[in-house]
Amino acid sequence: MKQKSLFRWVGMRQGDVLKKELGAGIISYFSVVYIVMVNASILADAGMPLQAAMVGTLLTSIAGCLFMAFIGKSPIIVVPGMGINAFFAYTLVHSMKLTWQEALAVVTITGILFAVVAFTNLYKVISEAIPHNLQHGITVGIGLFLTFIGLQKSGIVVAHQTTFVTIGHFDDPGVLTACLTLLLAFVLFVRNVQGGLLISMVAGTILAYVLGAAEAPSQMMSASEPIREYGQLFGELSFTGLVNLSFWIAVFLLLLIVVFENIGLIASHTNITQRPETFKGSLRALSITNVFAGIFGTSPVVAAAETTAGIAAGGRTGLTPLTTAVLFGATFLFIPLLTLIPDSAIAPILIIIGGLMVQSVKDIKFSDYTEAFPAFLIMVMIPFTYSIVDGMAFGFIAYPVAKLAAGQGREVPKVMYFIAVLFLLNFVVYALL
């Protein structure tokens, strides 16, 4: 659709459309810019340099928004995905023992395979083969996982020798800061305040320094220092794990998560804008961005849930992500300030996002226990095993077993049996190592 016909399609003058699109892009930016620090903080847990991870997050977000503007031609904002970044740091690196360099290689290979899926009809085959209950179970499980990580980072929940976890100490300034920040974030979200998560993170940072939960550095870094540090991250992919089964299991699982999440998010956004014809282009833009994500040094990207803020403000075309991309570019100047944000101000954001993801539980069909129990296993085993892979494995193995036990084995797609066998082999391999 050409630009001129697009203006006619929305029934507005060019000047009015331009004003709305620019405004939508600005609102989208302030709704999602918190991801720069939050994503970098999670990547740092994988051993990546914090400042470099912030640069990588920004570069990837800029590239994604530009691809979406010119290929997707939709108002969707592209940023590294919450939940997927947890999979990258805590599952690929900590649980599966990949180095972060190998994990970045997994991201790039996943992006290439995602592109193959997006540029063919394979995305329909994969999406239709996996039961919806399991897909929703994964979303809920990752939401609970993010919440648990947020509770840990904040100190609200701490380790305990007998019960494994227990409540933290509220006389700790960090815990008090996190609780007050969480309360503010919750109120702003309920009040539907634009940029509420960013506002609460800034307020939490100020509160942390006032209460003594964080200490200001003796000397502020220069704006060029993060760029110099980025040399330790850019293009640092390692393909030494190509010969290992765990590497390809990681690719397979990451591909499933990326495909499922993005198909759902893009379908939702394009339906809201009443422009379903932009679905394919948007999916392809995301797949290309994921190839670059590993090269730039970050976890996979998704169609940001915060896109709805821009859509509500009138965003309908690629001008919205183009505006957001420009603002992301200006953010490079403020990286030194972003590094001052402590965990006590970041953790509440993880808890809020986790709560949003858990809402998918309402879409699970609990009336059929052969469908509900495998999804339930995924939901509880992801946070309890501290591994998205292991949590998914329990559900994907239980699903065909439940259907066979109920005499409904023929209802299970052949792809599901194949996936279940792969997960089972993964357990066997790790047991033998």
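Small disclaimer: the values here were computed from a predicted structure and weren't measured. Values reported hereafter were calculated over all heavy atoms of this structure, with side chains retained and with hydrogens, waters and symmetry mates removed.
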Inset, instruction - For the pair H269 (side chain) and A304 (backbone), establish whether a donor and an acceptor sit closer than 3.5 Å, ignoring hydrogens and angles. - result: yes

Legend entry - More than 12 heavy atoms of other groups within 6.0 Å of F119 CZ: yes

Legend entry - Reference residue T289; test side-chain contact (heavy atoms from CB on, under 4.5 Å); the match among I71, V301, V302: V301

Legend entry - Close side-chain approach of T110 to F252, heavy-atom, < 4.5 Å: no

Legend entry - Polar side chain donor-acceptor pair, T370 to D368, under 3.5 angstrom: yes

Legend entry - ring pair (Phe, Tyr, Trp, His ring centres under 6.0 Å) contacts in which one or both residues fall within residues 188-209, not counting sequence neighbours: none

Legend entry - Main-chain N/O of H160 paired to T163 side chain as donor or acceptor, under 3.5 Å: no

Inset, instruction - Flag the pair R316 / I311 as yes when at least one side-chain heavy-atom distance between them is below 4.5 Å, and no otherwise. - result: yes

Inset, instruction - Check for a donor-acceptor pair, side chain of T324 on one end and backbone N or O of T320 on the other, with a separation under 3.5 Å. - result: yes

Inset, instruction - If a pair satisfies ring pair (Phe, Tyr, Trp, His ring centres under 6.0 Å) and one of its residues is in residues 39-86, list it, with sequence neighbours excluded. - result: F67-F292

Inset, instruction - Any pair with a residue in residues 176-185 that passes side-chain hydrogen bond (donor to acceptor under 3.5 Å, both in side chains), sequence neighbours left out, goes on the list, sorted by first then second residue, please. - result: none

Inset, instruction - Taking all heavy atoms of A293 and all of V107, pick out the closest pair and write down the distance. - result: CB-CG1, 4.0 Å

Inset, instruction - Without swapping roles, check the side chain of R191 against the backbone of F186 for a donor-acceptor pair under 3.5 Å. - result: no

Legend entry - Backbone N/O of A52 and side chain of E229: donor-acceptor pair under 3.5 Å: yes

Inset, instruction - Scan residues 56-68 for pairs that pass side-chain hydrogen bond (donor to acceptor under 3.5 Å, both in side chains), counting only residues two or more places apart or in two chains. - result: N39-T57

Inset, instruction - Spell out, as yes or no, whether a donor-acceptor pair under 3.5 Å connects the side chain of E102 to the backbone of T99. - result: yes

Legend entry - N133 side chain to K365 backbone, donor-acceptor under 3.5 Å: yes

Inset, instruction - Report yes or no: does T91 contribute a side-chain atom to a donor-acceptor pair with the main-chain N or O of F88 at less than 3.5 Å? - result: no

Inset, instruction - Only counting residues at least two apart or in another chain, list the ones meeting salt bridge (Lys or Arg N to Asp or Glu O under 4.0 Å) with D45. - result: K153

Inset, instruction - Rounded to the nearest 0.5 Å, what's the gap from OG1 on T331 to CG on L337? Could you check? - result: 11.5 Å

Legend entry - Backbone N/O of A53 and side chain of Y230: donor-acceptor pair under 3.5 Å: no

Legend entry - Atom CZ of F384 with >12 non-hydrogen neighbours under 6.0 angstrom: no

Inset, instruction - Look at the aromatic rings of F423 and F396 and report parallel, tilted or perpendicular, splitting at 30° and 60°. - result: tilted

Inset, instruction - Could you note down all residue pairs passing side-chain hydrogen bond (donor to acceptor under 3.5 Å, both in side chains) where residues 350-363 supplies at least one of them, sequence neighbours left out? - result: none

Inset, instruction - If the plane angle is over 60° it's perpendicular, under 30° parallel, otherwise tilted; pick one for Y90 and H94. - result: parallel

Legend entry - I249 side chain reached by L253 side chain, heavy atoms, under 4.5 Å: yes

